[in-house]
Amino acid sequence: MMEETNTARGRYWQANLKCVGVLLSIWFFVSYGCGILLRDWLDVNFPKIGTAPFGFWMAQQGAIICFVLLLISYAFWMKKLDAQFEVDEEEGR
Amino acid sequence: MSQDHWNFLFIGISFALYIGIAVKSRAGSTKEYYVAGGGVSPFANGMATAADWMSAATFISMAGVLAVDGYDGSRYLMGWTGGFVLLTVLMVPFLRKFGKSTVPDFIGDRFYSKAARLVAVVCAIFICLTYIMGQMRGVGVVFSQLFNIGIPLGVLIGASIVFFYAGLGGMKGITYTQVAQYCVMAFSYTIPAIFIAIAMTNNVIPQLGFIGEYTNSEPAVPFLVKLNQINADLGFSHYTSGSLSTIDMFCITAALMCGTAGLPHVIVRFFTVKNVKAVRTSACWTLSFIAVIYLTAPTIGAFARVNLIESLDGKNKEELPSWFAQFEETKQMTWEDKNGDGVVQYRGPEKIKAGEENELTFGKDIMVMANPHMAGLPQWVIALLMAGCIAAALSTAAGLLLVLSTSISHDLMKKVIKPELSDKEEIRWARGASLGALLVAAYFGINPPSTFVAKTVAFAFGLAASSFFPTLVMGIFSRRMNKEGAIAGMVAGITFTLGYIIYFQFMGGTKDQYLFGISPEGIGFLGMFVNFIVAATVATLTPQPPKEIRELIDRVRTPGTNS
């Protein structure tokens with residue numbers, strides 16, 4: 001997949017891809033990583049959250065909290081990119 | 001006041017509210033009908049989307065599934081929330097920038113093909129119809145319990161209310177009713193949980209009680225330890241450890257997540273806000289509102305399990321609480337005294353293997369409804385819960401109905417069959433189509449094709465994950481993807497998934513034949529890869545998309561500027 005990187009629009013897209021990549025890595029880590037793949041290990045080796053084993057808590061509560069935080073970071077990150085590349089929207093569309 | 005009076009009062013007030021809002025915000029143009037004029041605030045849209053998303057099944061069944069499955073139930077918790085991360089970063093901002101009002105619209109234009117649009121319309125109709133049948137059934141069941149009428153009449157009452165405000169009001173009508181419905185749902189879900197948390201763990205916040213101490217015993221023990229102990233004593237596996245294989249757990253969660261990101265009725269909700277920035281903010285609100293309920297569900301499930309077992313197991317006939325008779329009457333809980341000792345024995349697989357018998361059976365669905373009874377909460381809490389349950393079913397049914405009617409009026413009539421349709425005629429078609437769709441849904445709500453509906457609703461996610469999700473993502477993230485690739489991918493993905501499901505659900509496939517040990521519930525995840533691979537292969541062998549399509553993609557990727 002060749003993307004143009006020399007134009008402003010191309011750079012904006014590259015920056016957007018980086019943002020998506022970073023956020024989805026965290027997304028994968030907190031849900032599939034902590035909640036499923038590493039759960040047994042985390043249950044034993046990580047400090048408990050209150051009285052709940054770490055991996056179990058991540059799967060039932062922690063992951064969801066992280067998802068909300070991820071979306072908030074996405075909104076702020078993209079807002080910054082929009083301003084930086086001057087692709088901000090006018091009123092309406 | 002009796003329970004019936006409370007129920008009538010709460011449901012009556014909530015209905016008056018919904019209908020009042022619907023009448024006030026009746027849609028006049030197609031733009032208002034399809035996307036509420038495109039000017040809904042991110043906050044209101046967030047609430048509306050949350051209500052749209054949480055169906056009667058989520059509202060009633062999820063806590064029950066968690067109570068019975070323990071850790072394994074996390075697949076629904078993560079799957080149905082994590083999907084919103086995918087949806088937000090990979091799709092909706094770009095689809096909003098594209099600026100049309102339906103999902104098949106994007107697929108048809110992006111892949112410059114009527115065939116692709118038709119495939120998309122068929123997928124959308126299939127997904128929405130299977131979904132809405134379950135909702136109508138849910139409304140019917142609740143109404144019939146409430147007013148002591150038959151289920152068919154209950155379904156018909158529900159259907160006419162939905163038609164009244166979704167069919168007439170369009171997106172504008174349902175957006176604001178859904179805002180009201182979310183409020184009803186959130187209150188009715190969390191208030192009982194708070195009461196129970198105080199009773200069991202001495203903690204006002206259920207989520208803290210969940211990871212806190214169980215204070216009803218001397219000395220206090222950690223709540224989850226208590227729960228594990230109860231499970232182990234009765235021969236179930238530990239609440240905090242699952243029984244599903246890791247790969248199956250992984251695939252089901254992934255199929256649910258990608259399916260969520262491919263559901264048309266959720267995607268279109270984001271077309272109602274003003275611009276791309278508003279989409280991103282709105283997605284934050286949506287997931288926050290959903291999280292309120294999803295973070296409460298595991299606590300309700302866990303509390304309900306302790307409550308249920310403590311109040312029933314090992315009790316003789318005289319000691320059984322009064323609510324038990326009530327649920328026994330409706331066959332939602334049954335006790336069969338197999339060993340004739342007059343005492344209830346609830347036993348899990350381990351004990352059954354050791355020769356003991358389980359005498360207590362109950363549906364997973366009743367946990368949420370039975371919880372306030374079990375905890376001895378006041379009558380108005382139960383009435384509130386009833387109103388919340390109806391709100392959940394109505395809001396989802398309305399959202400689905402809208403997608404169904406626009407698929408027919410806009411994507412099929414206007415774009416394929418009769419392009420000269422005027423704005424007014426298009427709305428008339430949409431209203432007619434929603435009436436037709438509702439009649440079909442009501443029919444299947446009254447006569448459910450046995451277990452078929454329940455199963456297909458769960459599998460609709462797999463189908464969405466293997467059809468819409470990869471196609472939309474490639475449409476945005478690959479400039480090379482052409483119509484041949486997209487159509488081949490969609491068809492291959494959905495055929496693979498559907499074939500696998502049909503083989504194992506309806507043609508007697510057995511567990512040891514599972515591909516890599518993945519159950520049909522999780523196969524949509526593999527189907528998604530089939531879609532990606534087939535599409536990429538076909539696209540490299542066929543010509544690249546025309547120049548104006550590549551320009552369209554560039555435009556979709558950048559907010560603001562239209563150049």
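Lettering follows sequence order; numbering is per chain, from 1.
The two atoms that bring Leu287(B) and Leu71(A) nearest to each other are CD2-CD1, 3.6 Å, heavy atoms only.
Within a 6.0 Å radius of CZ in Phe28(A), more than 12 heavy atoms belonging to other residues, nucleotides or ligands are found.
With a 4.5 Å cut-off on side-chain heavy atoms, Ile553(B) and Trp13(A) do not count as touching. Pro559(B) is listed as a side-chain neighbour of Asp82(A), based on a closest heavy-atom distance under 4.5 Å.
To the nearest 0.5 Å, atoms CG (Leu90(B)) and CG (Leu23(A)) are separated by 10.0 Å. Taking CD1 from Ile36(A) and OG1 from Thr246(B), the interatomic distance works out to 8.5 Å, rounded to the nearest 0.5 Å. Note that CG of Asn16(A) is 6.0 Å distant from CZ of Phe477(B), once rounded to the nearest 0.5 Å. Rounding to the nearest 0.5 Å gives a distance of 10.5 Å between CE of Met249(B) and OH of Tyr32(A).
Of the residues considered (Met481(B), Gln207(B), Met78(B)), Met78(B) shows the highest number of contacts with chain A, using heavy-atom pairs under 4.5 Å.
For a residue to count as touching a neighbouring chain, one of its non-hydrogen atoms must lie under 4.5 Å from one of that chain's; by this rule Ala297(B) does not touch chain A. The contact between Phe67(A) and chain B is made by backbone and side chain atoms together, counting heavy-atom distances below 4.5 Å. Residue Ala63(A) touches chain B through its side chain alone, counting heavy-atom pairs closer than 4.5 Å. With a threshold of 4.5 angstrom between heavy atoms, Ile290(B) does not approach chain A through any atom at all. For Leu24(A), the part lying near chain B is the side chain, with the backbone staying farther off; criterion is any non-hydrogen pair under 4.5 Å.
The aromatic rings of Tyr71(B) and Phe56(A) are tilted relative to each other, their planes meeting at an angle between 30° and 60°.
Checked against a 6.0 Å centroid threshold, the rings of Phe84(B) and Trp27(A) do not count as neighbours.
Checking each of Met58(A), Arg39(A), Gln61(A), Gln60(A) against Ser74(B) for a side chain to side chain contact (heavy atoms under 4.5 Å, CB included) leaves exactly one that passes, namely Gln60(A).
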